[in-house]
Amino acid sequence: MGTVTPSGTPQPTAAIVGCGDISSLHAEALTALQIPVVGVCDVSPDRAQALAQRLGTRAYTSAQDLLAQACPSVVHVCTPHAEHVPVALEALDGGAHLLLEKPVAESVPQAQRLVEAADAAQRRGVRSGVVYQNRYNPPNRRLYELISSGALGAVHGARAAVSWHRTPEYYAARPWRGIWSQAGGGVLMNQAIHTLDLLLWLLGPATSVTGHAATHLLGEAIEVEDTAEMLLTHAGGVRSVLHATNAYPLNAPVTLEVHAELGSAVMAGDLTVQWNDGRSESVSAQGAGTGRSYWGDSHRLLIEDFYARLGDPDPFWIGIEDGAATVAAIAQVYDASPDLRGRGTISG
Ligand SMILES: NC(=O)c1ccc[n+]([C@@H]2O[C@H](COP(=O)([O-])OP(=O)(O)OC[C@H]3O[C@@H](n4cnc5c(N)ncnc54)[C@H](O)[C@@H]3O)[C@@H](O)[C@H]2O)c1
């Protein structure tokens with residue numbers, strides 16, 4: 001797996017499985033980082049071919065064939081949610097490092113299965129990482145630093161909001177996104193999961209979760225929820241609330257506020273910290289320029305870091321268990337929402 005560079009160090013190689021919308025950002029990052037892509041795969045031959053042509057590589061329609069013939073050292077999994085674990089397990093079993101798009105799985109049992117497989121693979125030197133790229137946004141990194149160093153003092157609480165616009169056409173273009181069995185959920189599982197991950201990263205694991213999910217606007221187009229609210233209690237007792245909707249008329253920047261003993265921090269694209277003693281600080285979002293900064297455009301930073309750390313003995317710092325924690329928290333909200341339509345059914 002991989003070639004050898006002129007300096008004699010092994011050059012990792014990449015493959016992308018799932019050649020839809022998000023694969024473009026992976027492809028752009030791999031090109032910019034000069035990481036050879038030895039193959040791409042999609043069950044749609046046209047999509048596989050289109051991305052293969054763009055990258056000057058070989059197209060496959062089966063992940064097994066790609067793994068057996070192209071032998072990539074890293075597999076980027078960019079498939080619909082219910083196709084994450086099957087493809088991820090194939091990659092790990094074949095000895096390839098795994099870089100997996102969110103959510104790690106469409107259900108808690110599947111996520112748990114993958115945690116176990118990734119742990120076993122880690123012991124064989126095979127790494128796994130989850131694409132929670134917003135952890136690389138400069139405002140979020142600074143906020144983490146301020147909280148973890150104690151610079152903000154004791155945290156009193158936090159709130160976050162994801163208010164986005166998704167049309168029936170968005171779901172019609174990719175029907176899996178609106179179906180429980182394939183997406184595992186709606187706005188929480190697909191969009192706000194990034195912000196939930198930030199809350200768990202910043203404030204610690206959830207010791208209790210409750211909330212409610214419903215479909216207010218898009219019920220004609222989707223089975224899954226378009227709106228939800230969550231109340232999280234984090235280890236240590238700090239509480240946070242998250243509101244998420246795809247029924248907003250526009251894609252507003254994600255907001256996340258942390259109120260603490262020595263000041264308050266408000267992230268709304270950029271970060272503004274207001275200290276109680278009158279000082280203030282701001283950190284610009286300075287996106288990597290994909291034009292989609294409202295949902296976080298740090299894919300390239302995360303991918304670069306993942307490859308840079310492949311030789312580390314330690315697991316990648318955003319692991320499958322982090323992804324499983326977000327899926328488990330979301331499942332608790334769904335379980336507390338008995339009126340969700342069609343959950344668990346297979347829709348055509
Ligand atoms: N990190 C982010 O900010 C971000 C943003 C958008 C999407 N995503 C995630 O990326 C993933 C893909 O989303 P998308 O919007 O690109 O979806 P998409 O439907 O545009 O692309 C998915 C592709 O996977 C292919 N596919 C399905 N099953 C397959 C299989 N078994 N093997 C190979 N290919 C298969 C489909 O034919 C399709 O082309 C999802 O997990 C989504 O949540 C992440």
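All ligand and atom numbering here is 1-based and tracks the order in the structure. What's counted below: heavy atoms across the whole structure, side chains too, no hydrogens, waters or symmetry copies.
Interface atoms of ligand 1 facing H299, defined by a heavy-atom separation under 4.0 Å, are 1 (N), 2 (C), 3 (O). Near H81, meaning under 4.0 Å from any of its heavy atoms, are these atoms of ligand 1: 40 (C), 41 (O), 42 (C), 43 (O). Counting the atoms of ligand 1 from 1 in the order shown, those under 4.0 Å from a heavy atom of Q133 are 1 (N), 2 (C), 3 (O). Using a 4.0 Å cut-off to heavy atoms of N190, the atoms of ligand 1 that qualify are 43 (O). Listed by number with element, the atoms of ligand 1 under 4.0 Å from a non-hydrogen atom of V17 are 32 (N), 33 (C). Here is the list of ligand 1 atoms found below 4.0 Å of a heavy atom in H194: 1 (N), 2 (C), 3 (O). Listed by number with element, the atoms of ligand 1 under 4.0 Å from a non-hydrogen atom of R47 are 36 (C), 37 (O), 38 (C), 39 (O).
Compare A82, G18, C78 by their heavy atoms: the one nearest to atom 22 (C) of ligand 1 is in C78. Compare L302, T79, V43, V104 by their heavy atoms: the one nearest to atom 11 (C) of ligand 1 is in T79. By heavy-atom distance, the residue among P80, S298, G20 lying nearest atom 24 (O) of ligand 1 is P80. Among R174, E101, R177, the residue whose heavy atom lies closest to atom 14 (P) of ligand 1 is R177.
Here's the thing with S44: none of its N/O atoms is less than 3.5 angstrom from an N/O atom of ligand 1. The shortest N/O to N/O separation between I22 and ligand 1 falls below 3.5 Å. The shortest N or O to N or O distance between D21 and ligand 1 is below 3.5 Å.
Residues D197 and R135 are paired through a salt bridge, judged by an N-O separation under 4.0 Å between the basic side chain and the carboxylate.
The side-chain heavy atoms of T210 and Q332, taken from C-beta on, include no pair separated by under 4.5 Å.
For R239, the CZ atom counts as loosely surrounded, since its 6.0 Å shell holds 12 or fewer non-hydrogen atoms of other residues, nucleotides or ligands. More than 12 heavy atoms of other residues, nucleotides or ligands shown are found within 6.0 angstrom of CZ on R142.
The parts of D42 lying near ligand 1 are both backbone and side chain, judged by heavy-atom distances below 4.0 Å. Contact annotation: for Y132 versus ligand 1, there are no heavy atoms closer than 4.0 Å. Residue contacts with ligand 1 for K102 involve both N, CA, C or O and side-chain atoms from C-beta outward (heavy atoms, distance under 4.0 Å).
Proximity of A63 to ligand 1 is not established, as no heavy-atom distance is less than 4.0 Å.
Between the side chains of S240 and H234, a donor-acceptor pair is found at a separation under 3.5 Å. Using a 3.5 Å distance cut-off with no hydrogens or angles, the side chains of H26 and E28 do not pair a donor with an acceptor. A donor-acceptor contact closer than 3.5 angstrom links the side chains of S298 and N137. Of the N and O atoms on the side chains of H259 and S264, at least one donor lies less than 3.5 Å from an acceptor on the other residue.
Under the 4.5 Å side-chain heavy-atom criterion for ILVMFWY residues, no single connected hydrophobic cluster contains both L242 and V187.
For Q191, the side chain to side chain donor-acceptor pair (under 3.5 Å) partners at least two apart in sequence or on another chain are Y170, N246. In terms of the ring pair (Phe, Tyr, Trp, His ring centres under 6.0 Å) criterion, residue partners of Y136 (sequence neighbours excluded) are, by chain and number, W317.
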